[in-house]
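What follows is a single structure, written as structure tokens, with notes after it.
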Amino acid sequence: MSGASGTITAREAGLVACTRCTRVWPAGTARCGRCGKPLVSRDTHSLSRVWAWWVAGVLCYIPANLYPMLRTRMLFTTSDDTIIQGAIELATHGAPVVALIILIASVAIPMGKFAAIGWLAVSVRRGSRATPHARHRLYEIVEYIGRWSMIDVFVVAILTALVQLNLAASIKPGPAALAFALSVIFTMLSAQAFDPRLIWDRAEDDTRARTSRA
């Protein structure tokens with residue numbers, strides 16, 4: 001960010017960075033020569049896509065917690081368990097660590113991602129007391145943990161494959177499995193649609209506003 005520190009932005013230096021592979025190119029270059037992604041100095045429609053994917057993710061996450069994630073049949077009995085009920089069942093059957101991992105990956109992390117992405121999008125519009133470095137670090141954390149959000153779906157798939165070998169019992173995915181998978185995908189797309197360079201643009205605008213008032 002330009003200012004008293006004497007540094008300049010990439011845009012002021014006539015450069016543009018690829019948001020996929022981070023390679024820097026001269027301004028005006030149409031596509032990244034390394035990965036082929038179109039190059040833009042700022043994605044003007046970034047926040048619109050962020051909110052669209054964010055809302056879709058929230059709408060899918062609600063039924064993912066209300067409908068059964070597992071349908072279990074044991075001889076003549078059948079039970080349907082939601083994510084939380086399944087974690088409780090695992091804990092009561094001697095697997096508290098697995099239950100805790102599922103609760104963290106299926107409840108805590110998705111809700112934290114929704115809150116973080118929403119806050120970052122709002123902070124770009126309205127500003128924030130948090131430093132640009134802190135907000136950018138939060139964005140990187142959201143991007144990093146996105147790959148671990150499918151743990152619950154993987155557990156369902158593994159249990160289904162293993163238990164099908166037993167003639168006395170069977171486990172099948174419930175309707176919540178699809179809703180949860182879609183919620184994770186939409187949330188990842190929401191995070192990827194966010195242009196973190198907007199964080200620094202907002203910080204620069206706030207600095208100029210404070211300077212002009214002084």
Flag, side chain of T82 to backbone of Y67, donor-acceptor distance under 3.5 Å: no
Listed once per pair and sorted, the side-chain hydrogen bond (donor to acceptor under 3.5 Å, both in side chains) pairs that draw on residues 188-199, sequence neighbours left out: D195-R197
Greater than 12 external heavy atoms within 6.0 Å of F114's CZ: yes
For W119, all residues meeting side chain to side chain contact (heavy atoms under 4.5 Å, CB included), sequence neighbours excluded: S128, A130, R135, L138
Closest non-hydrogen atom pair, L59 against P63: O-CD, 2.9 Å
Interatomic spacing from CD1 in I88 to CD1 in I83 - rounded to 0.5 Å: 12.0 Å
Nearest atoms (heavy-atom pairs only) where Y139 meets P196: CE2-CG, 3.8 Å
Residues forming a side chain to side chain contact (heavy atoms under 4.5 Å, CB included) with S48, sequence neighbours excluded: none
Donor-acceptor contact present, side-chain T29 to main-chain W25, <3.5 Å: no
Nearest heavy-atom neighbours spanning A191 and V142: CB-CG1, 4.0 Å
Which atom of V50 lies closest to which atom of A121, heavy atoms considered: CG1-CB, 4.3 Å
Atom pair CD1 (I145) and CD1 (I104), whose distance is rounded to the nearest 0.5 Å: 11.5 Å
Side chain S46, main chain A193, donor-acceptor under 3.5 Å: yes
Separation of W53 CH2 from M188 CE (nearest 0.5 Å): 12.5 Å
Distance-minimising heavy-atom pair for C21 and C35: SG-SG, 3.8 Å
Side-chain (S106) to main-chain (L103) donor-acceptor, under 3.5 angstrom: no
Path from L39 to L198 over hydrophobic side-chain contacts below 4.5 Å: no
Sequence-distant partners of L15, side chain to side chain contact (heavy atoms under 4.5 Å, CB included), two or more places apart: A10, A13, V24
Interatomic distance, N65 atom CG to F180 atom CZ [nearest 0.5 angstrom]: 7.5 Å
S183 to Y61 - nearest heavy-atom pair and separation: OG-CB, 3.4 Å
Approximate separation, where rounding is to 0.5 Å, of L178 CG and C60 SG: 8.0 Å
Pairwise distance CD1(I117) to CD(E143) - rounded to 0.5 angstrom: 8.5 Å
Results of side chain to side chain donor-acceptor pair (under 3.5 Å) for R23 - residues two or more places apart only: none
Pair listing, salt bridge (Lys or Arg N to Asp or Glu O under 4.0 Å) test, anchored in residues 48-66, at least two apart: D43-R49
V16 reachable from F194 in the ILVMFWY side-chain graph, under 4.5 Å edges: no
